[in-house]
2 protein chains.
Amino acid sequence: MRSYHQYCALAKALDVVGDRWTMLIIRELLLRGPSRYTDLRDGLPGIATNLLAERLRELEEAGVVAREDAPPPVATTLYRLTPRGEQLRSALYELGRWGAPFMTEDAEGDTFRSHWLTFPAEALLTDHAPDQPAVTIEVRTDAAPVVLETSGGGVRFRPGAAERPDAVLTGPPRLVLGALVGMLDLEEARERGLQYEGDPAVLARVRPG
Amino acid sequence: MRSYHQYCALAKALDVVGDRWTMLIIRELLLRGPSRYTDLRDGLPGIATNLLAERLRELEEAGVVAREDAPPPVATTLYRLTPRGEQLRSALYELGRWGAPFMTEDAEGDTFRSHWLTFPAEALLTDHAPDQPAVTIEVRTDAAPVVLETSGGGVRFRPGAAERPDAVLTGPPRLVLGALVGMLDLEEARERGLQYEGDPAVLARVRPG
DNA sequence: CAGCATCCGCTTTGATACTG
DNA sequence: CAGTATCAAAGCGGATGCTG
């Protein structure tokens, strides 16, 4: 394990999670929960498979990740964060919050996974009517569908489709995100190719500002 | 510039500040303020000089760091964080907070600079008697002396010596930090080689818990 | 198929030497 | 002081192969 050999808390943290890909592996485990090797690889487009294996081993040695054998029906190895690993959540969120402004730049050619929306969206969106019944918005991009749900004054994401969504957003990631966080107003996003089904008030309820 | 090419806020942040040494350069600029090249190098023991130059150039292009010509008496180039760079403070603090527990492990052979104490200390120490007059504790290790000062319910650090410190801590970094944050009680730290001059109540005033 | 290990060409890093 | 130049070693990305 390469180390900075500096008696500094930040340097010690980076000794463990500062290598290339490591933070993104933590992201996957934080957002998806316990995951199989193959699911991690799917959530980390571009990673070399040997690197993923190596990083997981290092993180296990460092006490950040634990591997466990899944119960009978699945019968595969699962990787999960330890409590120590869970504690990286706020650091990771702060970094994600810092990076959120870059999401407005051109993203042509970038890979995308639906659950990555979690970062800018849960950081920026609020439920302006927390006393009303919860609403759900289904988000469809070329990646897997996710459902946004108002919860506790904010919003949460979960994978999958909604039974009876209050609104449905369909389009490329940038337009979907732009419409959600209010970078684009709904009309402009529609002109650029976003599809929106449902009452615009549903969207307005969660937009910041 | 190497990129993950993922449309994800965290990945975008890491595209900019995820390379080796980059976060530590930000640390130096956050803790020391505008700095000369040589001072940065001194605060980053182990960095190759070409890497420091390259990283500074990249950070400048990314709008995180700005270079400026210092006024006449100094007449040298200064590097400083832009407002965008300053916004990395909370992310950096969260990472440092996560790394703080590693400071209890053996640090034999690690390099040390006094201002690095800032991370664990400002995160953990509180002033239990904010209504009393402020106290100062001078910290002397083999690195440059620093002064801890109670301020606004917490503590702050500044480089240099104190005129009339209320207490003086002298010894290796681990013992100094251990005594400050309460990992070691004062007697035990003394047995291991820490020197403490002053009223123990001064130390007790800032210790957590 | 899931979960790696091995090999290979390329890039990045670290150490040192040198310059305006 | 503030870097640039050089070069060996390590790390990375991509492809492929092996094992339950």
Side-chain angles (χ1 to χ4, degrees), chain A residues 1-6 11 14-25 28-29 32 34-62 65-80 109-111, chain B residues 1-6 11 14-25 28-29 32 34-62 65-80 109-111:
Chain A
M1 171 187 122
R2 189 167 53 171
S3 166
Y4 288 110
H5 292 295
Q6 296 185 356
L14 292 174
D15 281 347
V16 176
V17 298
D19 278 347
R20 190 160 169 78
W21 289 107
T22 301
M23 278 292 215
L24 297 184
I25 295 174
E28 289 301 307
L29 291 170
R32 303 168 74 124
S35 309
R36 294 182 302 174
Y37 186 88
T38 314
D39 295 331
L40 288 177
R41 203 173 41 186
D42 173 72
L44 296 163
I47 198 172
T49 171
N50 58 340
L51 256 196
L52 177 54
E54 190 180 326
R55 293 283 184 268
L56 285 171
R57 204 179 322 118
E58 292 165 352
L59 287 171
E60 196 184 349
E61 282 172 33
V65 162
R67 63 171 74 204
E68 78 187 44
D69 295 328
V74 202
T76 181
T77 312
L78 287 184
Y79 296 88
R80 65 158 69 241
D110 275 12
T111 56
Chain B
M1 171 186 122
R2 188 166 54 170
S3 167
Y4 288 109
H5 293 297
Q6 296 184 356
L14 292 174
D15 281 347
V16 176
V17 297
D19 279 347
R20 190 160 170 77
W21 290 107
T22 301
M23 278 292 215
L24 296 184
I25 295 173
E28 288 302 306
L29 291 171
R32 303 169 74 125
S35 309
R36 295 180 305 175
Y37 186 89
T38 313
D39 295 331
L40 288 177
R41 203 173 41 186
D42 172 72
L44 297 162
I47 197 172
T49 174
N50 57 342
L51 256 197
L52 177 54
E54 189 180 327
R55 293 285 183 267
L56 285 170
R57 204 180 323 115
E58 291 165 354
L59 287 171
E60 195 183 350
E61 282 172 32
V65 162
R67 63 169 77 204
E68 78 188 44
D69 294 329
V74 203
T76 181
T77 312
L78 287 183
Y79 294 90
R80 64 160 68 242
D110 276 12
T111 55

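Below, chains carry the letters A, B, ... as their sequence lines are ordered, and counting in each starts from 1.
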Handout entry: Strand-adjacent residues in residues 49-59 of chain B, judged by heavy atoms under 4.0 Å from DNA chain C
Key = B:Thr49, B:Asn50, B:Leu51, B:Arg55

Take atom [atom1] of [X] and atom [atom2] of [N], then tell me their distance rounded to the nearest Å.
X: A:Arg2; N: D:dG11; atom1: CZ; atom2: C1'; value: 7 Å
X: B:Asp39; N: D:dC1; atom1: CG; atom2: C1'; value: 10 Å
X: B:Trp21; N: D:dA10; atom1: CH2; atom2: P; value: 17 Å
X: B:Leu78; N: D:dG3; atom1: CG; atom2: P; value: 11 Å

[X]: what forms a side chain to side chain donor-acceptor pair (under 3.5 Å) with it, not counting sequence neighbours?
X: A:Arg32; result: A:Glu28
X: A:Thr38; result: none
X: A:Thr77; result: none
X: A:Asp39; result: A:Arg36

Exercise for the section: Using ring pair (Phe, Tyr, Trp, His ring centres under 6.0 Å) as the criterion, list what pairs up with B:Tyr79, not counting sequence neighbours. Expected result: none

Problem - Nucleotide interval of DNA chain C bounded by contacts with chain B (heavy-atom cut-off, under 4.0 Å) - result: C:dT13 to C:dA17

Practice task
Apply side-chain contact (heavy atoms from CB on, under 4.5 Å) to A:Glu54 and list each qualifying residue two or more places apart in sequence or on a separate chain.
Solution key: A:Leu51, A:Arg57, A:Glu58

Problem - Set of residues satisfying side-chain contact (heavy atoms from CB on, under 4.5 Å) with respect to A:Ala53, sequence neighbours excluded - result: A:Tyr37

Handout entry: Partner residues of B:Asp15 under the salt bridge (charged side-chain N to carboxylate O under 4.0 Å, His left out) criterion, sequence neighbours left out
Key = none

Problem - Proximal nucleotide (of D:dG13, D:dG3, D:dC1) relative to the B:Arg36 side chain - result: D:dC1

Exercise for the section: For the helix from C:dC1-D:dG20 to C:dG20-D:dC1, measure the angle between the helix axis at one end and the axis at the other, each built from five pairs, rounding to 10°. Expected result: 30°

Handout entry: B:Asp110 and A:Gln6, any side-chain heavy atoms less than 4.5 Å apart
Key = no

Problem - Non-hydrogen side-chain atoms of B:Met1 and B:Glu61 separated by less than 4.5 Å - result: no

Practice task
Find which nucleotide of DNA chain C each of A:Arg67 and A:Tyr4 is nearest to by heavy atoms, and output the residue with the more 5' nucleotide.
Solution key: A:Arg67

Exercise for the section: Sequence neighbours left out, what pairs pass salt bridge (Lys or Arg N to Asp or Glu O under 4.0 Å) with at least one residue falling in residues 43-53 of chain B? Expected result: none

